[in-house]
Each structure stands twice: as C-alpha cells, then as structure tokens.
Amino acid sequence: MAEDIVVPFVVFASLAAVIISAFYFNFKKRRVVYDAIKVAIEKTGSVDPALVETIIRENVGPYADLRKGIILIAIASAFVALGLAIPAQEDALGPMLGVASFPGFVGFAYVLFHFFAPREPTV
C-alpha cells in the first residue's frame, strides 16, 4: 500500500526538484553578473554600454540549435527503441511512439531553426 503512494511522490518530487534547481541556478548566475556590473559602476562611476551589452547578452554559438535538435531527436529515438525492446508487451510501441513524438518534433523544429533562422554573429 505504501509503494502506491511513495513511488509516484518520489517521481514527481524529483521532477520538481530538477526544474526548481534549474531556475535557481539560472537566477544565481544572473545575480553574479548584475553584482559584477554594480561593483564596476561603484568603482569607476560609469560603465561602457558595449561592455554591459556583452556581459548581459547570452552568447549562443551558431550550432546551438543544431545540437539541441540532435539531442532531442536522439531522446525520441531512445523512446522508440525502448518501445521495441519490451518483449512482453506488444502494445508498448504505440505509447512509446506517442512519448517520443514530443522531443522528436521539438528536435526537428530546432534543426529547422538551425537551417532557416537568421543568426547574428557571436562575439
């Protein structure tokens, strides 16, 4: 009886912990950048706007979308392989294809962004 409650609780709690920690560490990273800008303003009295723009802007390389797309398509392929690898359940392929469609289509969209979206050169 306790497993019926504990297992889903642990699964959803771990998912929530991963999402919350991603937001927290992103906040911490931005806070460090803003504190560095604040110290630079306090010491010199002014800061070059180009420097602030360079610090704040996230430098994403020209192949970032392609990398994300390939990773998501690989995750989708892993779900399809898992559906094919379950020998006891012949009906497992359908749900696994449904689960695989989400990262697969998002990965395909990232690959299309790589080839069709205009990119600005990074610093």
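Separation of atoms CD1 (I37) and CD (E42) is listed at 12.5 Å; rounding is to 0.5 Å. Taken to the nearest 0.5 Å, the CG atom of L82 stands 12.5 Å off from the OG atom of S77. A distance of 13.5 Å separates NZ in K38 from NZ in K43, rounded to the nearest 0.5 Å. Rounding to the nearest 0.5 Å places CZ of R67 at 10.0 Å from NE2 of H114. Taken to the nearest 0.5 Å, the CG atom of N26 stands 11.0 Å off from the OG atom of S21.
Under the 4.5 Å side-chain heavy-atom criterion for grouping Ile, Leu, Val, Met, Phe, Trp and Tyr, I73 is connected to F115 within one hydrophobic cluster. Both F108 and L66 belong to a common hydrophobic cluster when Ile, Leu, Val, Met, Phe, Trp and Tyr are linked at side-chain heavy-atom distances under 4.5 angstrom. Cluster annotation: V33 and F25 are assigned to distinct hydrophobic clusters (Ile/Leu/Val/Met/Phe/Trp/Tyr, side-chain heavy-atom contacts under 4.5 Å, transitive). The hydrophobic cluster containing Y63 also contains L112, counting ILVMFWY residues as joined when their side-chain heavy atoms lie under 4.5 angstrom apart, directly or transitively. Put simply, F102 and I75 are part of two different groups of oily side chains (I, L, V, M, F, W, Y) that touch within less than 4.5 Å, one to the next.
Of all heavy-atom pairs spanning F79 and M96, the tightest one is O-CB, 3.4 Å. Pairing each heavy atom of A100 with each of V80, the nearest pair is CB-CG2, 3.7 Å. Of all non-hydrogen atoms in S14 and V11, the two that sit nearest each other are OG-O, 2.8 Å. In terms of heavy atoms, L72 sits closest to P103 at CB-O, 3.3 Å.
Looking at D65 and V111, their side chains never come closer than 4.5 Å, going by heavy atoms from C-beta outward.
Note: F113 and Y110 have perpendicular aromatic rings, judged against thresholds of 30 and 60 degrees for the angle between ring planes.
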Go through the steps for R30 and Y34 under the test side chain to side chain contact (heavy atoms under 4.5 Å, CB included), then give the verdict.
-> CA-CA 6 Å; R30 285 186 181 178; Y34 291 140; 4.2 Å; yes
